[in-house]
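Every number for a ligand or one of its atoms is a count from 1 in the order of the listing. None of these values were measured; they are calculated from a predicted model.
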Amino acid sequence: MRHLIDITDLTVQEIDELIATAEDIIANPARYAEVCHGRKLATLFFEPSTRTRLSFEAAMLDLGGKTLGFADAATSSASKGETVGDTVRVVSCYADIIAMRHPKEGAPYAAAQVATVPIINAGDGGHNHPTQTLTDLLTIHRERGSLDNFTIGFCGDLKFGRTVHSLVAALSRCKGIKFVFISPPELRIPDYVKENTLDPLGLPYTEVESMEDAMPELDVLYMTRVQKERFFNEADYLRLRDTYILDPEKLSAAKPEMRILHPLPRVNEITVDVDKDPRACYFKQVANGKFVRMALIMKLLEVHA
Ligand code: CP
């Protein structure tokens, strides 16, 4: 039985296969419409979500399976003090696979130690978000035709941004990637990401504060939200939340073929008039998320079209 807790739980070859399967699902959805008939996905969301939970549920429904779960821990017995481990043991009796989001880093790993069905980490605190990374990789692959040889700028909250941490880990295994980390000093990429992932491989990266200075060299700009829910101090959040706002004027310095990604939700960091720029890919990213999650569910349940 396989779980997906960290993106590196998948080999590079397995990620390539998931991308290929997602591409085939996009081209031939009818082939996949019943492959999970009789199977159930449970979504256990101890933290809010729109895209991840609903795309997992849509993915299982489009595979012919069924879904159950909760979107708010307050409506589950976690509110009475039940542990994550007990919750997952119980839900393992009802479902064939579990997608779980939790505010505590490591909670999906703990769940996987006791689960009797595959666990998918749908985001754990400020740590990792591997299925967003699969979504991002599919989007980059569809937009650029490959996952190699480009410069990517990560902009915003790189400290608590779990989507950033997982995508850096995934791209560190690709060829010819240059990383530009754009953030205020308070929200810099964590040392553990540099020390455990980038430095041992000798991968090139720079850390800068100015989005404008970095813009001309980027092939992909990965914008992120400054996350209110990760701050202990509201004054710090208010001071930092509008550090970066991408608008058409700032984009005028970007390459014509640059691609703009954002895991969403956005708050203020991309103005709505950027949405019509052909370089904006964040709503395509949303659509891609369902297809790559369909591919992942099939892989973990070991079902084939
Ligand atoms: N990208 C993402 O994780 O969005 P949600 O928080 O809406 O699931």
Side-chain angles (χ1 to χ4, degrees), residues 4-7 18 22 41-62 67 69-76 97-105 107-108 119-140 142-143 152 154-171 220-231 237 241 244 246 259-270 272 274-275 280-297:
L4 177 61
I5 306 303
D6 186 290
I7 192 66
L18 286 172
L41 164 81
T43 51
L44 310 186
F45 275 62
F46 297 85
E47 210 184 45
S49 168
T50 295
R51 274 146 296 274
T52 310
R53 185 176 65 84
L54 295 179
S55 66
F56 263 117
E57 295 188 358
M60 193 49 152
L61 294 172
D62 285 356
T67 67
F70 55 81
D72 178 358
T75 65
S76 78
I97 186 166
I98 295 173
M100 176 186 155
R101 171 171 289 186
H102 201 283
K104 282 201 180 137
E105 287 84 356
I119 296 288
I120 301 171
N121 178 3
D124 60 329
H127 192 210
N128 283 318
H129 194 346
T131 65
Q132 180 64 47
T133 298
L134 294 175
T135 301
D136 303 338
L137 295 174
L138 174 59
T139 304
I140 293 169
R142 285 176 72 78
E143 294 297 318
I152 181 167
F154 291 93
C155 181
D157 177 2
L158 311 187
K159 178 178 180 181
F160 300 113
R162 59 193 175 196
T163 65
V164 173
H165 307 157
S166 290
L167 184 54
V168 169
L171 291 176
V220 176
L221 172 59
Y222 195 93
M223 292 295 294
T224 65
R225 173 176 65 99
V226 175
Q227 303 169 89
K228 184 177 185 184
E229 65 272 29
R230 306 279 176 235
F231 280 79
Y237 167 70
R241 66 178 178 180
Y244 302 106
L246 181 64
R259 290 291 180 266
I260 307 160
L261 275 67
H262 190 314
L264 304 180
R266 75 169 149 195
V267 183
N268 234 6
E269 60 279 1
I270 302 180
V272 291
V274 173
D275 297 357
C281 293
Y282 27 93
F283 289 111
K284 291 188 207 172
Q285 235 174 312
V286 171
N288 290 335
K290 182 186 76 169
F291 297 115
V292 84
R293 289 181 174 105
M294 289 171 76
L296 177 67
I297 290 168

Problem - Contact check, H129 vs ligand 1, heavy-atom distance below 4.0 Å - result: yes
Handout entry: Ring geometry between H102 and F46 (parallel below 30°, tilted from 30 to 60°, perpendicular above 60°)
Key = tilted
Exercise for the section: Look at the rings of Y222 and F154 and say which category their plane angle falls in: under 30° parallel, 30 to 60° tilted, over 60° perpendicular. Expected result: tilted
Problem - Polar proximity ligand 1 side, P265 side, N/O cut 3.5 Å exclusive - result: no
Practice task
Compute the shortest N/O to N/O distance between R101 and ligand 1 and return yes if it is under 3.5 Å, no if not.
Solution key: yes
Problem - Side-chain heavy atoms of Y282 within contact of L261, under 4.5 Å - result: no
For ligand 1, which atoms, with element, lie under 4.0 Å from some heavy atom of [X]?
X    : result
L264 : 1 (N), 2 (C), 4 (O)
Q132 : 1 (N), 2 (C)
T52  : 2 (C), 3 (O), 4 (O), 5 (P), 8 (O)
T50  : 5 (P), 7 (O), 8 (O)

Exercise for the section: Specify the closest pair of heavy atoms between T135 and G289, including all atoms of both residues, with the distance to one decimal. Expected result: OG1-CA, 3.3 Å
Practice task
Could you tell me the residue and atom name of the protein heavy atom closest to atom 4 (O) of ligand 1, and the distance to it rounded to 0.1 Å?
Solution key: R51 NE, 3.0 Å
Exercise for the section: Determine, for D157 against R230, whether the closest basic-nitrogen to carboxylate-oxygen distance falls under 4.0 angstrom. Expected result: no
Handout entry: Among E229, E105, E47, the one residue meeting salt bridge (Lys or Arg N to Asp or Glu O under 4.0 Å) with R162
Key = E47
Exercise for the section: Report the part of T163 in contact with ligand 1, treating N, CA, C, O as backbone and CB onward as side chain, heavy atoms under 4.0 Å; options are side chain, backbone, both, neither. Expected result: neither
Problem - Six-ring centre of F45, R101 cation under 6.0 angstrom, axis tolerance 45° - result: no
